[in-house]
Amino acid sequence: MHSAIGEPRVSGEAILYRLFDVGYEIQLDKAFDLLSPSAPERPKPVRGEAQALRILNPPVTVSLGMESIVIGDRSQPIEVSARIFDFGVLSLRARLPMSEIGWEEFVTRGVAAGASQAWGLFESCRDRLLERIAPAIERHEVAPVTEEYIVYRLHKMEDPSGRPLLPDVLPDEGIAKLLVGEARPLTAGARGELLSQRLSYFEDDLAVVTWNAALVVERVAEDEDVQYVLEFANAQLLELRYHDSLLDNELPRTYDEIAAARGRFHLLGRRYSRLLTLLQTRVADSTEAVERVENSIRVTDDVFLARIYSTAMDIFRGPTWRRGIDRKVAIIRDAYAMLNGEAQARRAEVMELTIIALIALEIVLALMKH
């Protein structure tokens, strides 16, 4: 393709995302007020196809200023911002612009950005932001689970003479190298599998979605709806992974607590009372949190943005994570039902013994009276 038209000249950017779970819930109205000096926003997707998406509580977006990082052998300015989701997630973004360069140089710089020190900036930016919005966070605690993603965005593609080009001129080898972050070429089979999810709405746009990164071609520079949807999907993935790991840690502790409770004696069978309350709380918290995450965005029609969202969640194995969470919650529910049954049986036994003792006492008293 290059030999016929020459190497494409492109303009775009690499956007690095790192997402953190920082609490059970964030009150977005309160966070918005706390951030008011920084002119926060609460944007929604604005494309015509966005009618297929229903976002119940739009996240808050705020600029965090400019930073400088070394990419390759030179220092580069990057713009840092954050998006705050009501289900307890902060998404930190570092935006690296790349203008009027060849496609191959875009790929080289993009791969270098993904391997750069930019990822190390996010913790300090996160901590500064948390200091400002801490009063809006319920059950504030930074989880060890994080999510990282890169969106490579092109909004201008031309041949050497300045004529606009369509996305199909981009060679698969370069796209694969960019999305995998590897200089070594992939086999044809691996490349075909990696690039199998190619989505378009118009002939001049393109979205190629993979597990770690995506390439988005969109002519309108201000149209950021595709990366908005991908960011939302990553935020949901982080929450599913977090609650799955939380339940992984809770299950062994639950078994230990059951064993300890069984070692205690209580005449009225109330040795499980505290544990039953604890198990009920764990089930309620996990169920409510996961449902809040899944209900935060609704897909109503199978159009472009909805297809991108559904494709991303499938690639991220969202349904698999959800099934794992449901299975672990079911185990805790079964443990609750078992312990509750044992406690009720114990209380019934005590009641029966009490009735027998009262009858025996009444007989004894009657005999003594006569």
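The model shown is predicted, which means the values in this text are computed figures rather than measured ones.
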Heavy atoms, side chains only, cut-off 4.5 Å: are [X] and [Y] in contact?
X: E100; Y: K156; result: yes
X: E123; Y: R18; result: yes
X: V60; Y: R83; result: no
X: E104; Y: V107; result: no
X: I150; Y: I15; result: no
X: Y228; Y: P59; result: yes
X: P135; Y: L34; result: yes
X: D21; Y: V142; result: no

Closest non-hydrogen atom pair between [X] and [Y], with its separation:
X: L35; Y: L129; value: CD2-CD1, 3.8 Å
X: S245; Y: V145; value: OG-CG2, 3.7 Å
X: G110; Y: Y152; value: O-OH, 3.0 Å
X: A207; Y: V226; value: CB-CG1, 4.4 Å
X: A113; Y: W119; value: O-NE1, 4.4 Å
X: E13; Y: P97; value: CB-CA, 4.0 Å

I would like to know whether M98 and S11 meet side chain to side chain contact (heavy atoms under 4.5 Å, CB included); could you show each step before the answer? CA-CA 6 Å; M98 293 182 276; S11 293; over 6 Å; no
Verdict with supporting geometry, L194 and R191, side chain to side chain contact (heavy atoms under 4.5 Å, CB included): CA-CA 5 Å; L194 177 73; R191 189 167 59 244; 5.7 Å; no
[atom1]/[X] to [atom2]/[Y] distance, rounded to the nearest 0.5 angstrom?
X: S75; Y: I69; atom1: OG; atom2: CD1; result: 8.0 Å
X: L90; Y: I133; atom1: CG; atom2: CD1; result: 5.0 Å
X: N234; Y: N212; atom1: CG; atom2: CG; result: 9.5 Å
X: Q236; Y: F87; atom1: CD; atom2: CZ; result: 5.5 Å
X: I55; Y: S296; atom1: CD1; atom2: OG; result: 8.0 Å
X: L28; Y: F85; atom1: CG; atom2: CZ; result: 9.5 Å

As a quick check of understanding, evaluate side chain to side chain contact (heavy atoms under 4.5 Å, CB included) for E147 and S91, giving each step before the final call. CA-CA 9 Å; E147 196 64 45; S91 174; over 6 Å; no
Is a donor on one side and an acceptor on the other found under 3.5 Å between the side chain of [X] and the backbone of [Y]?
X: W321; Y: E239; result: no
X: S68; Y: P77; result: no
X: H140; Y: A134; result: no
X: R95; Y: E79; result: no
X: T210; Y: A213; result: yes
X: D205; Y: F202; result: yes

Linked hydrophobic residues, L246 as query - side chain contacts closer than 4.5 Å: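 Besides L246, the cluster holds Y242.
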Any chance CD of E105 has more than 12 other-residue heavy atoms, nucleotides or ligands included, within less than 6.0 Å?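 Atom CD in E105 is crowded, with more than 12 foreign heavy atoms closer than 6.0 Å.
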Residues, nucleotides or ligands: over 12 heavy atoms within 6.0 Å of E362 CD: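 Incorrect, the count does not exceed 12.
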Would you sort out whether D248 and K328 count as a salt bridge (Lys or Arg N to Asp or Glu O under 4.0 Å), showing the intermediate values? CA-CA 8 Å; D248 277 340; K328 291 162 191 172; 2.7 Å; yes
Decide side chain to side chain contact (heavy atoms under 4.5 Å, CB included) for L230 and I308; before the verdict, give the C-alpha distance in whole Å, the side-chain angles of both, and the deciding distance to 0.1 Å. CA-CA 8 Å; L230 291 172; I308 288 176; 3.9 Å; yes
Can [Y] be reached from [X] by stepping across I, L, V, M, F, W or Y side chains whose heavy atoms are under 4.5 Å apart?
X: W211; Y: V209; value: yes
X: W103; Y: I101; value: yes
X: I355; Y: I363; value: yes

Using a 6.0 Å distance limit plus a 45 degree cone around the ring axis, check whether R126 lies over the aromatic ring of F20.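 Cation-pi check for R126 and F20: passes.
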Decide whether a cation-pi geometry holds between R292 and Y24; the criteria are a distance under 6.0 Å from NZ or CZ to the six-membered ring centre and an angle within 45° of the ring axis.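 Judged by the rule (NZ or CZ under 6.0 Å from the ring centre, within 45° of its axis), R292 counts as positioned above Y24.
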Using a distance-only test with no angle check, is there a side-chain donor-acceptor pair under 3.5 angstrom linking Y201 and E218?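 No donor-acceptor contact under 3.5 Å links the two side chains.
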Among side-chain atoms of S81 and S63, is any donor-acceptor pair under 3.5 angstrom?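 There is no such pair (donor and acceptor under 3.5 Å, judged by atom type) between the side chains of S81 and S63.
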Return all side-chain donor-acceptor pairs below 3.5 angstrom for residues 169-180, not counting sequence neighbours, or 'none' if the list is empty.
from	atom 1	to	atom 2	distance (Å)
D172	OD1	R198	NH1	3.0

Would you call E231 and R93 a salt bridge, taking side-chain N to carboxylate O under 4.0 Å as the test?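 Here E231 pairs with R93 in a salt bridge, since their nearest N and O are under 4.0 Å apart.
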So that I can tick it off, tell me whether R153 and E224 are bridged by a salt bridge, with the cut-off set at under 4.0 angstrom between side-chain N and carboxylate O.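 Salt bridge between E224 and R153, a charged N being under 4.0 Å from a carboxylate O: no.
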Could you please spell out the steps behind the salt bridge (Lys or Arg N to Asp or Glu O under 4.0 Å) verdict for E158 and R163? CA-CA 5 Å; E158 298 176 340; R163 184 181 62 182; over 6 Å; no
Report all side-chain donor-acceptor pairs from residues 311-318 shorter than 3.5 Å, counting only partners two or more places apart or in another chain.
from	atom 1	to	atom 2	distance (Å)
T311	OG1	R307	O	2.7

